[in-house]
Amino acid sequence: MELTEVFQSWEEDLVDEAVTELRHARLQHYIADGDSVTRLRVGTFISRAFECFAIRRADPIIEHAEQIARERFAAGYDLFEVQTAINVIEEALWKRILSSVEPDELAHALGMVNAIFGMSKDVLARTYVSLTTNLETPRKELDEILDG
């Protein structure tokens with residue numbers, strides 16, 4: 001079986017593990033959203049990551065990370081919360097790879113995960129910063145008007 005097929009066979013277990021770990025992380029917005037919403041979001045993220053592995057392109061995760069950033073920012077999530085959620089998913093996948101993948105495929109598998117998850121976290125952070133900067137500019141102008 002090809003590596004991407006192996007990854008996809010783990011999808012449900014990865015979602016279960018990530019949702020459990022997110023519950024333990026006690027992140028304010030994820031607690032408020034509940035397990036069913038978190039499960040859906042984690043599942044979608046994992047599906048996009050696996051799509052990237054299958055097509056050997058990062059476009060699906062880049063687009064998804066930008067969308068997540070816009071949605072979570074608008075909903076008042078801290079960047080820390082969203083980055084933690086991605087880290088939890090990545091960690092679950094790493095554990096599974098280290099315990100299941102043959103040694104001769106280990107470097108390739110971990111390299112794929114590092115590339116895709118690293119890129120998603122970078123895009124997420126950059127988008128958050130961009131949104132924060134755009135949000136603060138009108139506030140600065142308003143403060144200057146009020147002070148002047």
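Quick note: residue numbers are just sequence positions, from 1. This is a predicted model, so every value here is computed, not measured.
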[atom1] of [X] to [atom2] of [Y]: how many Å apart, nearest 0.5 Å?
X: Leu131; Y: Arg70; atom1: CG; atom2: CZ; result: 8.0 Å
X: Gln67; Y: Glu71; atom1: CD; atom2: CD; result: 4.5 Å
X: Asp35; Y: Leu40; atom1: CG; atom2: CG; result: 12.5 Å

Side-chain heavy atoms of [X] within contact of [Y], under 4.5 Å:
X: Phe50; Y: Ile61; answer: no
X: Leu124; Y: Leu79; answer: yes
X: Val6; Y: Ser100; answer: no
X: Ile89; Y: Phe117; answer: yes
X: Phe7; Y: Ile46; answer: no
X: Met112; Y: Arg56; answer: yes
X: Gln83; Y: Tyr128; answer: no
X: Thr84; Y: Tyr30; answer: no

Are [X] and [Y] joined in one hydrophobic group, where the rule is that I, L, V, M, F, W and Y side chains link up if heavy atoms are under 4.5 Å apart?
X: Ile62; Y: Val129; value: no
X: Val123; Y: Ile55; value: no
X: Leu106; Y: Phe53; value: yes
X: Leu98; Y: Val101; value: yes

Give a yes or no on whether a salt bridge exists between Arg39 and Asp16, defined as a side-chain N under 4.0 angstrom from a carboxylate O.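 Answer for the salt bridge query: yes.
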Look at Glu90 together with Lys121 and state whether they make a salt bridge at an N to O cut-off of under 4.0 Å.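 Counted as a salt bridge, because a side-chain N and a carboxylate O are separated by less than 4.0 Å.
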I'd like to know if the side chain of Ser99 and the backbone of Arg96 have a donor-acceptor N/O pair within less than 3.5 Å.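 A pair under 3.5 Å: yes.
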Short question: side chain of Glu81, backbone of His29 - any donor-acceptor pair under 3.5 Å?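 Checked: pair present.
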Checking side chain to side chain donor-acceptor pair (under 3.5 Å) against Ser47, which of His64, Gln8, Glu11 comes through?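 By the side chain to side chain donor-acceptor pair (under 3.5 Å) criterion, Ser47 pairs with just one of His64, Gln8, Glu11: Glu11.
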Provide the closest heavy-atom pair for Ser120 versus Ala65 in the form atom of the first, atom of the second, distance.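 Nearest heavy atoms, Ser120 then Ala65: O-CB, 3.5 Å.
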Can you spot which of Leu22, Leu93, Val19 makes a side-chain contact (heavy atoms from CB on, under 4.5 Å) with Val88?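 Filter result, single survivor: Leu22.
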